[in-house]
Q: 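Input: one structure, supplied below.
All values below were derived from every heavy atom in this structure, side-chain atoms included, with hydrogens, water molecules and symmetry-related copies excluded.
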Amino acid sequence: MAIPKAARIEKSEPINSETKLLTLAMPAGEPLGFTGGQYVIVNTNIPLPGGKIAKRAYSILSSDQEQAKFQIAVKKIGEGPGSNYMHETQIGAELPFSGPWGQFVMDNDDSSKVLLLATDTGITAALGLIQSAKFKERSKGSRLLWLAESSEYFLPQTFVRNMVAGAVRFDLEIIPSVNHPERFRKAQIILKTALEEWQPQSMFLSGDGALLYPFQEELVNRGVAEKQIKLECFFNNPFKKVAA
Ligand SMILES: Cc1cc2nc3c(=O)[nH]c(=O)nc-3n(C[C@H](O)[C@H](O)[C@H](O)COP(=O)(O)OP(=O)(O)OC[C@H]3O[C@@H](n4cnc5c(N)ncnc54)[C@H](O)[C@@H]3O)c2cc1C
């Protein structure tokens with residue numbers, strides 16, 4: 001059951017014109033109790049046309065070694081209620097949320113040769129995971145491959161490099177934007193090329209479901225065990241029936 005919580009917005013920093021980095025402080029410094037790779041669900045209290053309230057998931061970007069404060073990065077998506085609400089929030093305001101949620105975490109039986117494949121805003125889940133205590137302890141020699149439409153998309157490449165800080169090999173590959181007819185084919189070629197060069201034992205996929213679900217199927221067909229592939233879909237989720 002979702003237990004309602006609230007965190008105070010301590011900082012709200014524009015990273016660029018489309019991205020805000022929010023630092024959230026738990027009341028009385030109590031620990032959130034999250035593991036790197038998990039997310040929170042923010043209750044915007046904004047009613048949607050069907051009457052439901054807009055609640056939106058945001059992966060925790062900061063390291064799980066700090067639990068009393070955490071960071072999320074939000075990309076503004078058109079006129080979307082959730083991302084605009086997050087961009088407009090003011091320092092000092094209380095942000096209602098539930099969580100932490102999600103299984104996108106390093107398990108004891110995950111192998112140490114990990115490929116993190118993130119598309120678009122899915123980079124936040126990968127960065128949260130890479131910074132987790134468990135990942136740091138077990139995954140030397142792992143790789144992060146980020147597919148995004150430009151080196152300035154959402155989080156600048158330099159920002160990501162600083163966060164990764166040599167913990168994994170990091171490559172950014174440019175792919176066409178969401179809904180571009182060539183996007184899937186180009187992303188598929190990049191993945192195939194990466195796999196020809198290097199075979200991971202575990203995979204963490206985060207971001208666009210329209211790319212990642214077919215990739216998951218392809219990886220299973222190539223012999224990667226299903227339980228060694230974790231997927232966190234941020235958008236284009238084929239299993240989501242109604243937007244809320
Ligand atoms: C587990 C999880 C973690 C997430 N973590 C983050 C995060 O760390 N940072 C972040 O900015 N967002 C994250 N998201 C996406 C976020 O929850 C919202 O979907 C996003 O902020 C848009 O909400 P909205 O209400 O503004 O727009 P909506 O009206 O809900 O969305 C408009 C449309 O844009 C699509 N969309 C959402 N994100 C993108 C994108 N990147 N590119 C193209 N289309 C998109 C939606 O699927 C929808 O079709 C995450 C989603 C999930 C499920």
Side-chain angles (χ1 to χ4, degrees), residues 2-13 15 19-43 55-75 86 94-118 121-146 154-155 159-170 200 202-207 227-234:
I3 299 166
K5 298 179 182 171
R8 188 173 45 82
I9 300 175
E10 194 176 88
K11 273 193 210 159
S12 172
E13 301 162 75
I15 299 283
T19 307
K20 272 233 167 125
L21 178 66
L22 301 179
T23 303
L24 304 163
M26 293 295 288
E30 80 190 39
L32 174 58
F34 75 101
T35 302
Q38 288 191 301
Y39 61 90
V40 292
I41 296 184
V42 173
N43 180 353
K55 294 182 181 174
R56 296 289 181 263
Y58 295 99
S59 289
I60 301 166
L61 182 68
S62 49
S63 163
D64 60 13
Q65 276 136 91
E66 166 65 276
Q67 291 283 341
K69 288 181 188 177
F70 61 100
Q71 287 184 313
I72 55 179
V74 181
K75 175 175 158 55
M86 298 297 278
E94 296 286 321
L95 196 70
F97 74 96
S98 67
W101 301 106
Q103 307 302 318
F104 197 76
V105 297
M106 198 74 183
D107 290 329
N108 286 335
D109 58 349
D110 281 326
S111 97
S112 56
K113 207 176 159 191
V114 179
L115 175 61
L116 299 114
L117 176 70
T121 43
I123 189 67
T124 54
L127 290 174
L129 182 68
I130 287 169
Q131 291 179 91
S132 69
K134 221 170 209 167
F135 190 92
K136 281 192 172 156
E137 159 195 312
R138 306 189 67 239
S139 305
K140 296 220 162 44
S142 294
R143 289 190 183 187
L144 169 62
L145 179 57
W146 184 25
F154 183 43
L155 298 175
F159 180 99
V160 175
R161 274 194 201 287
N162 287 342
M163 282 204 106
V164 167
V168 295
R169 173 178 148 180
F170 167 57
S202 295
M203 301 247 342
F204 287 82
L205 315 175
S206 52
K227 68 176 175 58
Q228 296 289 4
I229 308 171
K230 293 201 177 83
L231 197 160
E232 195 68 274
C233 179
F234 278 30

Q: Any heavy-atom pair between the side chains of Val168 and Val114 that's under 4.5 Å?
A: no
Q: Under the rule for side-chain contact (heavy atoms from CB on, under 4.5 Å), what residues qualify as partners of Lys5, not counting sequence neighbours?
A: Leu32, Phe97, Pro100
Q: How many angstroms lie between atom CE of Met26 and atom CZ of Arg8, to the nearest 0.5 angstrom?
A: 12.0 Å
Q: Would you say that Tyr58 contacts Leu24 through its side chain, given a criterion of any heavy-atom pair below 4.5 Å between the two side chains?
A: no
Q: Apply side-chain contact (heavy atoms from CB on, under 4.5 Å) to Ala6 and list each qualifying residue two or more places apart in sequence or on a separate chain.
A: Glu94
Q: So, do Phe204 and Glu232 sit near enough that their side-chain heavy atoms are less than 4.5 Å apart?
A: no
Q: How about Thr124 and Phe154: do any of their side-chain heavy atoms sit closer than 4.5 Å?
A: yes
Q: Side chains of Lys230 and Asp107: does their closest heavy-atom pair fall under 4.5 Å?
A: yes
Q: Under the salt bridge (charged side-chain N to carboxylate O under 4.0 Å, His left out) rule, collect the residues that match up with Lys20, sequence neighbours excluded.
A: none
Q: Around atom NZ of Lys136, are there more than 12 heavy atoms from other residues, nucleotides or ligands closer than 6.0 Å?
A: yes
Q: Enter the distance from Ser132:OG to Phe104:CZ here, rounded to the nearest 0.5 Å.
A: 10.5 Å
Q: Could you state the interatomic distance from OH (Tyr39) to OG (Ser98), rounded to the nearest 0.5 Å?
A: 8.5 Å
